[in-house]
Number of protein chains: 2
Amino acid sequence: MTTKPDDLLPNAQTSPERRQRRKGSGITLRDVAKLAGVAPITASRALNTPDAVSPAVLERVREAVARTGYVPNMLAGGLASRKSRLVAAVVPTISGPVFLEMVQALTEALAEEGYQLMLGQGGYADSREDALLEAIIGRRPDGVVLTGIMRSEEGRRRLLASGIPIVETWDLTPTPLDMLVGFSHEKIGAAVAGFLHQRGRRRASTISGSDERAVRRNQAFSDAAVALGMALPGDKAVPTVMVPAPTTLGGGRAGLAQLLEEHPGIDAVFCSSDLLALGVIIEAQARGIRIPEDLAVIGLGDMEFSRDLHPALTTVRIDGTAIGRRAAKFIIDRVEERPIGERVCDIGFSIIERAST
Amino acid sequence: MTTKPDDLLPNAQTSPERRQRRKGSGITLRDVAKLAGVAPITASRALNTPDAVSPAVLERVREAVARTGYVPNMLAGGLASRKSRLVAAVVPTISGPVFLEMVQALTEALAEEGYQLMLGQGGYADSREDALLEAIIGRRPDGVVLTGIMRSEEGRRRLLASGIPIVETWDLTPTPLDMLVGFSHEKIGAAVAGFLHQRGRRRASTISGSDERAVRRNQAFSDAAVALGMALPGDKAVPTVMVPAPTTLGGGRAGLAQLLEEHPGIDAVFCSSDLLALGVIIEAQARGIRIPEDLAVIGLGDMEFSRDLHPALTTVRIDGTAIGRRAAKFIIDRVEERPIGERVCDIGFSIIERAST
DNA sequence: GTGAAAGCGCTAACAT
DNA sequence: ATGTTAGCGCTTTCAC
């Protein structure tokens with residue numbers, strides 16, 4: 001079924017004195033067309049716009065494709081049509097399970113429409129970021145999904161200049177490059193402070209990763225908490241421990257230990273990831289601190305495991321799936337030249353209350 | 001810096017009566033060459049094989065690139081050279097954090113050599129698998145990394161027929177398609193049984209995901225355990241609970257609950273992932289069962305968090321990073337036509353003993 | 001509805 | 001060391 005009879009070798013009729021290039025052994029559209037008795041362009045139409053050819057031709061081309069095992073060369077197609085059906089995603093690191101849900105949704109939503117995802121890791125030095133950018137632009141993707149990365153102004157400018165549709169995610173910047181689907185870290189910080197206050201907590205604290213968004217989230221949390229009287233009188237901020245990114249369970253344990261040593265009076269911890277929160281729970285258990293009686297714990301991310309912890313973890317849920325889907329839709333709409341509507345999409349967040357608070 | 005002066009518009013000299021195609025606004029190699037005062041092929045050489053051109057030319061081309069902001073079109077380059085510098089990876093699902101480490105290493109190792117990773121999810125119905133295959137082969141990647149997926153015989157045949165280098169991973173099949181880097185699930189099962197026996201356990205049990213490799217691992221575990229007298233006299237197998245893949249913390253809790261109900265005498269559980277093991281630990285704590293005194297727990301995967309659990313988790317470590325790196329090297333060596341040597345690489349595994357056993 | 005011609009932007013092959 | 005020519009495999013444009 002996948003063998004290639006002599007009679008459809010490409011350029012079989014070419015004059016033999018012509019200098020020969022290493023001919024690919026692959027089956028091309030020409031071969032399929034020849035077998036179906038039509039011109040290559042007709043075979044192309046049969047595959048891409050079946051409605052534009054007669055049923056008889058369609059049938060013959062389909063059969064020829066099946067017989068030869070032909071798979072269109074998307075490099076050639078992309079070059080000619082200027083549509084690569086490729087979308088690049090840049091994440092700081094795949095290991096942060098936070099982005100996993102989004103990447104998964106993105107992959108799926110794109111695949112459904114015949115697009116593929118190219119993955120790039122961006123959490124690197126500027127030199128590597130430059131290389132990443134070249135790799136991305138060089139493939140002429142139909143879109144790029146950025147995850148709060150692409151720090152250098154220069155990099156952002158080059159991307160923008162390339163004319164590729166861009167979707168920024170996981171944040172709500174005042175000046176998006178192009179399209180944006182995210183949420184407000186400031187609002188989360190303030191909302192969590194309000195939530196803890198309402199549950200009767202009066203000595204808030206935080207453990208957080210050191211990335212820029214976490215810092216802004218924490219700042220908002222601290223400000224709101226101070227305003228609500230959840231800091232020691234006179235203090236301008238709430239006790240905070242920063243752990244190096246990416247956040248880990250171990251970081252959570254160490255963070256709580258440090259927090260307790262310096263501020264034994266705390267009755268609530270806002271962790272910037274569920275993994276940190278799990279570490280806090282484990283450290284608390286190891287120390288005989290009761291949750292939620294002695295200490296309320298709230299995480300961020302609503303990991304799959306959080307609901308099954310003991311006690312079940314209260315957390316801020318961000319719908320990564322929705323972000324991924326929306327980003328995919330933004331890009332595909334743009335490629336297909338459908339109207340986009342609002343270029344900025346606030347996906348919001350919700351606080352899932354469970355036993356840990 | 002990125003604007004395009006009139007004097008280097010492509011084909012500016014072409015006769016005006018020629019039918020015009022929608023000209024791209026992008027800068028091409030021709031533009032760079034013209035600006036540097038050389039032929040396109042020379043500019044191409046300056047970029048790809050700098051040693052093959054004179055220093056003077058190299059300098060001028062480099063400057064022209066900088067001035068124009070030129071980024072080579074890899075679609076065109078790939079089409080002409082039959083090298084896409086793209087590698088496709090197929091994973092059952094990215095969410096299983098088990099493969100994350102490998103994907104991460106793969107992405108990095110490939111990026112270092114100027115290759116990019118295209119991600120595909122394979123845990124689907126056969127119809128979607130077919131589409132995935134088309135998408136992969138259609139991009140003419142320089143290699144494909146398979147993660148125990150590509151179930152259909154037909155799919156494997158098509159991939160093989162495409163002539164693309166293939167690396168299978170996470171297993172040691174007797175008949176690899178092409179290249180292979182993995183480890184023996186049977187050996188793991190047997191080794192874990194031996195390990196638990198040596199630690200004095202006599203009533204082994206397992207909780208595992210339902211995928212085929214877990215089943216084989218469990219079978220080997222059970223066989224070895226029975227041989228060592230770790231099953232009830234007369235029993236041909238050890239108590240087992242299967243949870244649907246992907247494995248979750250919740251699955252571990254439910255699994256232990258079920259196990260205890262049906263077989264209250266067990267003193268050891270082999271979990272097919274660290275997440276399951278964490279669930280077991282939590283469920284045990286909730287029930288007042290002491291680990292490791294009453295029950296030994298061993299996981300698989302050595303997640304980043306496992307060492308920080310309380311008690312710290314004994315687990316089977318598989319070096320995902322090594323797998324990813326080795327797979328990348330296999331493919332790149334093949335592309336660069338370097339000798340490969342042995343096509344099969346057993347990466348092995350190790351049992352990391354911690355407090356939970 | 002179908003086809004011929006002309007590229008898309010690049011590099012392999014053959015000169016010089 | 002550099003240039004000329006001819007594609008890579010597909011789709012766009014224009015013509016019938």
Side-chain angles (χ1 to χ4, degrees), chain A residues 8-11 14-15 17-34 36-61 68 70-85 137-140, chain B residues 10-11 14-15 17-34 36-61 68 70-85 137-140:
Chain A
L8 51 75
L9 274 174
N11 307 68
T14 340
S15 44
E17 75 278 13
R18 268 258 278 289
R19 84 173 72 126
Q20 292 288 329
R21 197 167 189 160
R22 182 172 24 117
K23 283 288 147 59
S25 55
I27 289 113
T28 72
L29 189 61
R30 275 181 59 144
D31 304 329
V32 171
K34 201 170 291 178
V38 295
I41 180 62
T42 303
S44 170
R45 288 192 185 108
L47 297 175
N48 297 315
T49 50
D51 296 335
V53 300
S54 66
V57 166
L58 182 55
E59 164 68 20
R60 270 150 57 209
V61 171
T68 54
Y70 169 69
V71 179
N73 185 328
M74 298 181 80
L75 265 61
L79 179 58
S81 69
R82 298 160 164 289
K83 287 187 165 63
S84 61
R85 307 210 127 223
I137 300 178
R139 300 235 183 241
R140 305 297 192 265
Chain B
N11 309 67
T14 341
S15 44
E17 75 280 15
R18 268 258 277 287
R19 81 174 76 125
Q20 293 287 330
R21 196 165 190 164
R22 180 171 25 114
K23 285 286 147 62
S25 55
I27 289 112
T28 72
L29 187 62
R30 276 181 58 142
D31 305 328
V32 171
K34 200 170 291 180
V38 296
I41 183 65
T42 304
S44 170
R45 290 193 184 106
L47 298 175
N48 297 313
T49 50
D51 297 335
V53 300
S54 68
V57 166
L58 183 55
E59 164 68 20
R60 270 152 52 213
V61 171
T68 53
Y70 169 70
V71 179
N73 184 329
M74 299 181 80
L75 266 62
L79 179 58
S81 68
R82 298 162 164 287
K83 287 187 167 65
S84 61
R85 307 211 126 224
I137 299 177
R139 302 234 183 243
R140 306 295 190 266

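Letters A, B, ... are given to chains in the order of the sequence lines, protein chains preceding strands, and every chain is numbered from 1.
For B:V57, taking side-chain heavy atoms from C-beta onward, the closest of the listed nucleotides D:dT2, C:dG3, D:dT11 is D:dT2. Taking the side chain of A:P72 as heavy atoms from C-beta on, and the options C:dC8, D:dC10, C:dT11, the nearest nucleotide is D:dC10. In this structure, the nucleotide among C:dC10, D:dG9, C:dG1 sitting nearest to the side chain of B:A76 is C:dC10. Ranking C:dT2, C:dC10, D:dG3 by closeness to the B:Y70 side chain, first place goes to C:dC10.
For DNA chain C, the neighbouring residues in residues 41-49 of chain B, judged by any heavy atom under 4.0 Å, are B:I41, B:S44, B:R45, B:N48.
To the nearest angstrom, C1' of C:dT2 lies 11 Å from CZ of A:R60. In this entry the distance linking CG of B:L79 with P of D:dC8 reads 9 Å, nearest Å. Whole-Å rounding puts the A:M74 CE to D:dC8 P distance at 21 Å. Put simply, CG on B:L75 is 17 Å from P on D:dC8, counting in whole angstrom units. Put simply, CZ on B:R82 is 8 Å from P on D:dC8, counting in whole angstrom units. One atom, CD1 of A:I27, and another, P of D:dC8, lie 15 Å apart when rounded to the nearest Å. Atom CZ of B:R30 is separated from atom C1' of C:dC8 by 12 Å (rounded to the nearest Å). For B:N73 and D:dG9, the CG to P distance is 17 Å, given to the nearest whole Å.
Applying the side-chain contact (heavy atoms from CB on, under 4.5 Å) test to A:A52 and every residue at least two apart in sequence or in another chain returns A:T49. With sequence neighbours excluded, the residues forming a side-chain contact (heavy atoms from CB on, under 4.5 Å) with A:R85 are A:M74, A:Y115, A:D142, A:E336, B:R139, listed by chain and number. Every residue meeting the side-chain contact (heavy atoms from CB on, under 4.5 Å) condition with B:A43, not counting sequence neighbours, appears here in chain and number order: B:L29, B:A33, B:V38, B:V61.
For A:A52 and A:P40, each mapped to the nucleotide of DNA chain C holding its nearest heavy atom, the one lying further toward the 5' end belongs to A:A52. When each of B:R140 and B:V53 is assigned the nucleotide of DNA chain D with its nearest heavy atom, B:V53 is the one assigned upstream, toward the 5' end.
In plain terms, the two heavy atoms of B:L58 and B:A46 that are nearest each other are CD1-O, 3.5 Å. Of all heavy-atom pairs between B:I27 and B:T68, the closest is CD1-O, 3.3 Å.
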**Prompt:** Where do A:N73 and A:T28 land on the side-chain contact (heavy atoms from CB on, under 4.5 Å) test, with the steps shown first?
**Reply:** CA-CA 8 Å; A:N73 185 328; A:T28 72; over 6 Å; no
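Residue A:S81 places no side-chain N or O under 4.0 Å from the OP1 or OP2 atom of D:dC10.
A:R82 places no side-chain N or O within 3.5 Å of a backbone atom of A:L79 that could act as its donor or acceptor partner.
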